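Below is one structure, written out as structure tokens; the observations come after it.
Below, each value reflects all heavy atoms present in this structure, side chains not excepted, and no hydrogens, waters or symmetry copies. Naming: A, B, ... by sequence-line order, numbering from 1 per chain. All values derive from a computational prediction rather than experimental measurement.
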Amino acid sequence: MSEILILTSVLVPLLAAALSKAWPTLWLMVCAPLPAIASAAVITSETVAIPWVLLGIELGITPLNHPFLLVSALVWLAAAIYCLRFPEPSTNSLSSRVFALLAMAGNFLLILSQDAISFYVGFTLMGLTTYAMVRANLSKQAKRAALYYLVMTLVAEMALFFGVVSAVKDGGSHYFAQWDRAQITTLSSALLLIAVAIKGALWGFHGWLIAAHSSAPYPASAVMSGLMVKAGILILIKFFPLGEIPIAWAGYTLMVLGAIGSQLALLAALRQGHPKVLLAYSTVSKVGILFCGFGLILLDRSLAPALLPALILYACAHSLIKSALFLNLGVAHHKQLPWLLSIFPLLLFAGIPFSAADATKAAFIEAITGSSYYSIVYLLLLSSGVLTVLVMFKLYKLQMLNTQPTPTAGPMDWSSPLILVIASLLLPHWVATEFKLSAYLPLLLGGLVLLILRHKLARVSFPLTDKPIILVGVIKLIRRLGRLFNNRLTPLSIRLPDWKLSLLNTSSSVYPSIGSLGVLLLIFFIFGGP
Amino acid sequence: MNEWLAHGLLPLILLSSLIPGLTVFLLKESNHLARNVLVISGALLTVLLVGVLIWGVYHEYNLEVRWQLAPQLELLFHADALSVFFVTLSSVLWLLTTIYAVGYLQKDKKTNRFFGFFSLCVTTTVGLALAGNLFTFVLFYELLTLATFPLVIHKGSAEAVQGAKTYLKYTLFGGVVLLISVVALQVMVGPLAFQTGGIDALKAYPYSQWLILVFIGLIVGLGVKCALFPLHGWLPKAMVAPAPVSALLHAVAVVKAGAFGIVRVVYDVYGIELAQQLGLLYGLSAIAAFTIIYGSLKALRQTNLKVRLAWSTVSQVSYIVLGAAIFGATATVGGLVHLVHQGITKITLFLAAGTYAETLKVTEIRQMDGLGRIMPATSIAFTIGALGMIGVPPVAGFVTKWYLADGAINAGMYWVPVVLMISALLNAAYFMPLVYRIWFKPPCQTIALSPSPLLIWPPLITAMLALAAGLFAAAPYSPLEWAQLIAEREYR
Amino acid sequence: MNNLLLSLPVFIPLMAAVVALLIPKQGALLGRLAAFLTLAITVQLVAEVYQSTELQMMAGNWPAGLAIKLQVDGISALFLLMSAVLYVVLSLYANQYFHRLTQRSDFWVLWGFLFTSLHALFISGDLFNLYFCLELLSVSAVGLTLLSASRDAFKAAGRYLIVSLLGSLLFLAGVAILIAKFGAADIHLLKELVANDSQSWLAFLLMNAGLMLKAALFPVHFWLPATHAVAPAPVSAALSALVVKACLFLIMRLWLELFLPLLTHQSAMVMGSLGTLAILLGAWQALIAKRLKHLAAWSTVSQVGYLVLFIPLLHNHQGSELYEPLLGAMVLMALTHAFAKSSLFLCIGRIQHAYGHDEIEGLQGLARLMPVTCFSIALAGLAIIGLPPGGGFLSKWLLLSGAVEMKQWFYTIAIAIGTLGAGAYLFRLLCIAFANQPPGVSLQRVTLSESPGLVLAIGATLVLGFFAYPIWQLVGSAGWSL
């Protein structure tokens with residue numbers, strides 16, 4: 001029975017895609033994730049082997065992918081409900097529905113896969129069909145973003161393919177159960193890491209994400225920011241020998257780039273005048289924290305037992321709230337949200353007590369206690385926490401600017417973000433953590449900064465001066481880095497005509513500061529380690 | 001029963017396409033019904049008989065027919081796993097293409113001639129597949145040139161004549177080189193019946209420089225048909241042929257004959273081990289890799305749909321050669337299975353392109369905007385084919401890519417995955433824009449046309465086959481399983 | 001009984017000729033009847049030879065060694081069969097081809113004489129008899145050429161006559177020397193007698209030169225294209241297929257039987273070189289020919305080259321296991337070529353009839369207008385090129401084997417180039433034939449008159465391609481191998 005349930009989680013979305021033309025209703029999309037929710041609810045550990053499909057595949061639920069499945073199914077469900085409530089051609093046309101359902105199937109397959117092949121298949125299916133979702137608005141901006149997305153996805157796909165082939169050769173079997181992860185060679189891990197970096201929007205590879213997430217329709221952005229970015233994390237979890245052997249170079253790469261991203265992206269987010277772009281940057285930042293955590297595991301395998309579950313939950317919490325935020329934005333775009341509802345998810349994201357963000361962050365910190373990197377990572381979390389508070393405040397301001405005065409949204413309208421909010425509130429019960437004041441330090445600090453800076457923040461952007469704080473000798477390099485970050489890698493993120501642009505006149509003086517911060521972190525990491 | 005199987009089955013399979021082919025010539029041009037019934041029933045019969053053949057070979061019956069033509073020259077048909085592989089591909093695709101051709105040629109005035117040579121073409125392909133020695137192989141290899149020539153020139157336009165001339169220039173040259181090489185080999189080592197793992201007499205031959213020379217000759221002769229660089233020039237020109245012909249030419253008959261021949265030479269004449277010892281595989285794999293990249297680059301620059309597909313074939317067929325040229329069972333499986341995968345995928349693309357051209361007069365890539373809305377079924381088939389060529393799972397092409405890359409890494413040839421990766425990216429670069437145009441651009445024509453179902457279903461079926469071949473690759477009787485069976489016997 | 005069987009293939013055509021001379025109106029009927037009878041007898045004869053290696057018959061009461069001797073071994077039986085088959089098919093075709101009565105009666109008389117001499121030539125066992133047959137052959141062939149009665153025909157026939165007479169005279173001179181020296185004309189006897197002396201050499205050179213001239217071997221091929229091109233279609237067919245082959249048959253006998261002890265490997269190589277040059281030149285000239293008949297005629301020059309190429313190979317492979325396969329391959333090639341070339345000429349005759357010309361460039365749409373003829377040309381062409389299916393493929397394969405075995409790369413390359421050239425001229429024609437016809441040309445009905453060409457083409461390809469193995473069994477029984 002449970003085997004059938006697992007299979008239906010993947011097959012029902014596929015079937016729904018096939019039936020989309022015959023039954024042009026969104027209820028199909030609402031129903032499609034239900035088997036996945038059911039299997040996540042009922043089954044805790046089960047594997048199905050289908051030796052005659054592809055090169056022989058295995059699907060299953062393990063403690064490692066269980067939270068991902070549940071969260072993904074919920075996010076898909078919420079997005080579908082949103083579409084049902086706010087029908088727009090960009091999300092409700094036949095092709096949009098078909099592609100969304102295919103992407104859903106790919107997403108579930110990717111999560112459920114217990115072998116390299118079905119993982120790769122799911123990855124590709126999801127990656128390619130998302131192209132249509134990015135493009136759905138049909139604006140020039142969306143088309144360019146979609147092309148950017150497609151090219152990056154294909155590159156990631158190729159890297160993943162050859163990485164997987166090579167890794168399967170190293171590990172001796174393509175079934176994860178029989179796979180000797182410790183045998184992984186540098187070639188395989190390098191190829192896989194490229195896929196991770198692109199798909200997971202590691203700092204430096206994140207340009208496509210900003211463009212894509214900000215130009216897709218709201219529910220699509222919710223799904224992409226919430227779920228698809230996590231495909232990179234899943235590669236790490238499923239293919240890398242986490243907790244078995246250390247891969248120092250990969251660990252350092254992930255940590256350094258993740259750390260830089262986690263800070264710089266938030267700084268960039270503060271400068272944005274479009275809430276979607278802002279949220280996209282925030283995603284890059286959160287993923288950066290996650291990568292930093294995985295880098296830690298790759299450097300120090302003893303951290304794995306505690307840190308890995310914490311990271312997984314961190315990722316899940318982010319998925320839920322980020323998607324809720326996107327959907328909230330969407331609702332606000334159409335109708336006026338009750339004040340409480342528009343502020344609550346922001347608070348959750350900022351990490352108020354008993355929120356998922358709070359609990360998972362606490363778990364994170366607890367897991368790395370005693371590690372030689374504790375202080376650095378703590379600092380990072382602290383700083384990102386503070387910045388997040390500011391970002392959320394800014395988001396609130398932007399949202400207020402944009403909200404329609406009438407009509408007021410009814411309960412059915414805001415049910416879709418509400419599902420996710422409730423789920424995120426339930427999440428902390430999965431993690432048993434003690435209350436620690438230190439976990440709230442970022443929140444408190446952020447509130448403080450916010451109080452001081454609230455006027456400036458609302459008007460312009462992050463109030464860093466262009467006065468060089470660091471050594472004068474490296475100032476040129478720093479400037480260049482800052483420019484590189486803003487101009488080259490996110491070429492498509494800024495111009496969104498339908499939004500009020502008054503908030504966009506930022507002074508260019510910010511860039512050098514951002515750049516200098518990046519270099520500082522870099523130096524810190526390279527010389528500050530054990 | 002066994003007696004009957006052993007002696008009757010192979011000739012019957014040959015006759016089941018030969019007799020309808022010859023009879024068609026005698027029919028009246030206006031007698032559509034009789035012609036259609038004849039060719040389709042012939043094709044069906046062949047498929048049925050091939051089914052029996054598969055059964056027989058699976059149970060390791062010795063299916064063999066001999067006929068002495070001259071001293072030292074024996075017509076020998078022998079069914080082994082490899083030949084069954086190719087025969088099945090040919091007969092099934094022939095059936096589908098025949099059905100398609102019936103719909104495609106409704107207005108044509110030279111239909112009898114077309115179907116006659118079409119059937120003969122398949123007879124020769126099947127003969128070539130069942131050939132048990134190199135002499136029989138060469139005989140049918142040459143016959144194939146002759147049977148395809150009238151099909152290439154079928155339209156009779158100046159362009160078609162030019163295409164046919166180019167085709168002949170290359171294939172006749174290749175044929176003569178092959179002939180001389182095989183004669184030389186036969187003089188050197190005696191009769192050349194295919195032998196799994198290589199012919200013993202050949203392995204014992206002391207002068208390796210002659211073996212190398214003859215090998216080069218064989219590859220040149222066979223390389224013409226499978227369009228190895230620099231012998232590929234005819235393929236894009238032969239595009240002037242009607243769509244079913246291009247489809248069959250590219251998917252089964254001609255290019256595959258060359259590729260199949262190379263596989264035979266490497267595995268069943270020289271034997272992969274001897275070829276490895278003589279250092280022949282390096283050169284072969286280098287040429288194949290170069291052709292893969294070169295074909296893709298050329299395809300990228302084409303603006304005509306069929307020509308782009310043709311260049312894509314140049315690139316894709318070399319995957320098979322590459323698979324044959326990498327030492328190791330895994331790569332062998334990859335190369336062999338691509339014989340089928342490339343066949344069904346490419347035939348899908350060509351049939352779909354033919355349907356576009358026939359119903360909407362779409363031949364150029366820029367005319368393809370929005371076809372997905374006008375002809376959804378055909379466009380789905382085309383898309384699946386294109387994804388298969390790129391190697392997107394779960395379409396068949398990805399299985400090939402998987403095995404080739406795996407095999408190359410096993411053999412320590414780390415540059416092969418790089419080549420494959422570049423090729424896959426290039427494939428994406430020249431197929432994705434087509435898919436994009438089909439599905440995401442607004443249509444420039446708004447008339448909703450419904451072409452004959454005969455033009456819609458065959459590409460759709462082949463597309464489904466391509467999908468199934470990838471999706472159920474590990475299922476019993478799948479192409480992959482056969483390829484593994486063959487490889488197992490080769491490396492036993 | 002055997003004696004009768006042996007002489008009948010000679011006498012039946014002779015009788016037909018004589019009767020046709022006396023009763024012109026019945027000539028056609030009798031001619032065809034004779035042809036069928038001859039074929040039946042020949043089949044019987046071949047069957048006999050198949051069982052009992054060799055048949056002999058002595059005629060007249062001449063002293064031994066000078067007697068008129070008829071003998072049939074495997075090879076001559078095969079040539080006889082070839083001739084008899086062509087006799088039937090060409091007669092049927094000719095019956096439709098000639099319309100005017102005078103032309104008809106003349107034709108059937110000469111036709112009978114032609115086959116009488118041919119058959120006699122194949123089965124003669126003595127040199128004097130051979131000379132006589134050659135002479136008769138020349139005269140009847142020249143007469144047949146004249147039938148088309150154009151100015152060109154007179155010129156060509158005149159030249160042909162001179163060449164033929166010269167050839168016969170040279171042959172006669174050689175024969176005279178041999179008879180004077182050894183007092184015998186019987187080939188079997190002479191074979192034992194010839195020695196490596198100047199007189200034998202002189203005789204050999206004279207006879208060989210005469211036959212070369214008649215067989216149109218390079219460099220004395222100059223007369224052939226014009227002659228074969230002006231003659232009526234069935235006559236061209238017979239000339240190209242049979243008359244040339246008969247002379248080649250004699251050359252083979254000289255080289256491989258009569259003068260075998262005398263001849264060295266080097267001398268055979270000279271013939272081989274001439275053969276290769278003939279192959280190349282013939283192919284090239286056929287490629288640039290403007291008229292179909294010229295194409296066919298030059299192709300004959302090329303084919304003669306192939307056949308002559310067997311001489312050095314056979315010489316070199318004496319005693320080796322490749323000898324018999326090669327000998328059979330030579331016979332097979334001759335047979336294939338005979339059938340294919342006559343098919344080609346018959347088809348050209350049909351084309352001339354339908355189009356009013358045989359200019360190659362003007363044949364667009366042939367494949368649609370005259371599908372059967374076009375198909376026959378294609379099949380015949382394949383047999384000539386040596387592409388499968390067909391006797392040409394098998395024999396060329398073995399020829400190549402012989403050349404490679406000898407490590408004669410020059411021959412190998414020449415054969416390759418010749419094959420490519422032949423492919424080029426055939427497919428040049430076919431490409432034009434398959435092109436769309438100019439507007440306004442109407443479709444021909446398929447007529448019975450197209451069938452002889454098809455039958456011969458199928459004979460050359462399918463029959464000789466797949467059922468040729470008995471040839472080697474017959475050849476093995478001939479006394480030509482040592």
What part of A/Leu187 gets closer than 4.5 Å to chain B, counting heavy atoms only: side chain, backbone, both or neither?
side chain
4.5 Å side-chain heavy-atom contact, A/Trp52 and B/Glu481:
no
Rounded to the nearest 0.5 Å, what's the gap from CH2 on B/Trp402 to CD1 on A/Ile117? Could you check?
3.5 Å
Exercise: identify the closest heavy-atom pair between A/Pro51 and B/Ala474
O-CB, 3.0 Å
Derivation of the side-chain contact (heavy atoms from CB on, under 4.5 Å) call for B/Phe398 and A/Leu54:
CA-CA 10 Å; B/Phe398 116 92; A/Leu54 294 168; 3.6 Å; yes
Are there more than 12 heavy atoms of other residues, nucleotides or ligands under 6.0 Å from atom CD1 of A/Ile4?
no
Please determine, among B/Ala469, B/Ala405, B/Pro394, B/Gly372, the option with the most heavy-atom pairs under 4.5 Å with chain A.
B/Ala405
What part of A/Val168 lies closer than 4.5 angstrom to a heavy atom of chain B: side chain, backbone, both or neither?
side chain
With chain A as the partner, which of B/Pro476, B/Gly470, B/Ala428 has the greatest number of non-hydrogen pairs under 4.5 Å?
B/Gly470
Largest heavy-atom contact set with chain A, pairs under 4.5 Å, which of B/Ala468, B/Pro393, B/Ala473, B/Ala475
B/Pro393
Between atom OH of A/Tyr131 and atom CH2 of B/Trp439, what is the distance when rounded to the nearest 0.5 Å?
13.5 Å
Look up atom CE in A/Met158 and atom CD1 in B/Ile422, then write down how far apart they are to the nearest 0.5 Å.
11.5 Å
Is it the case that atom CH2 in A/Trp249 sees more than 12 heavy atoms from other parts of the structure closer than 6.0 Å?
yes
Tell me, for A/Phe123 versus chain B, whether the close heavy atoms (under 4.5 Å) come from the side chain, the backbone, both or neither.
neither
Quick one: pull up CG in B/Asn410 and OG in A/Ser166 and give me the separation to the nearest 0.5 Å.
10.0 Å
Verify side-chain contact (heavy atoms from CB on, under 4.5 Å) between A/Leu55 and B/Leu480, making sure each step is shown before the conclusion.
CA-CA 9 Å; A/Leu55 305 177; B/Leu480 184 66; 3.3 Å; yes
Closest heavy-atom contact between B/Phe440 and A/Arg135?
O-NH2, 3.1 Å
Non-hydrogen atoms of chain B under 4.5 Å away: do they reach the side chain of A/Leu128, the backbone, both or neither?
side chain
How long is the span from the NZ atom in A/Lys169 to the CG atom in B/Asp406, to the nearest 0.5 Å?
8.0 Å
At a 4.5 Å cut-off on heavy atoms, which part of A/Leu191 comes close to chain B: side chain, backbone, both, or neither?
side chain
I need the A/Thr124 OG1 to B/Leu387 CG distance, nearest 0.5 Å.
10.0 Å
Heavy atoms only: give me the nearest A/Tyr120-B/Gly391 pair and the separation to one decimal.
OH-O, 3.9 Å
B/Tyr414 and A/Phe162: aromatic ring centres closer than 6.0 Å?
no
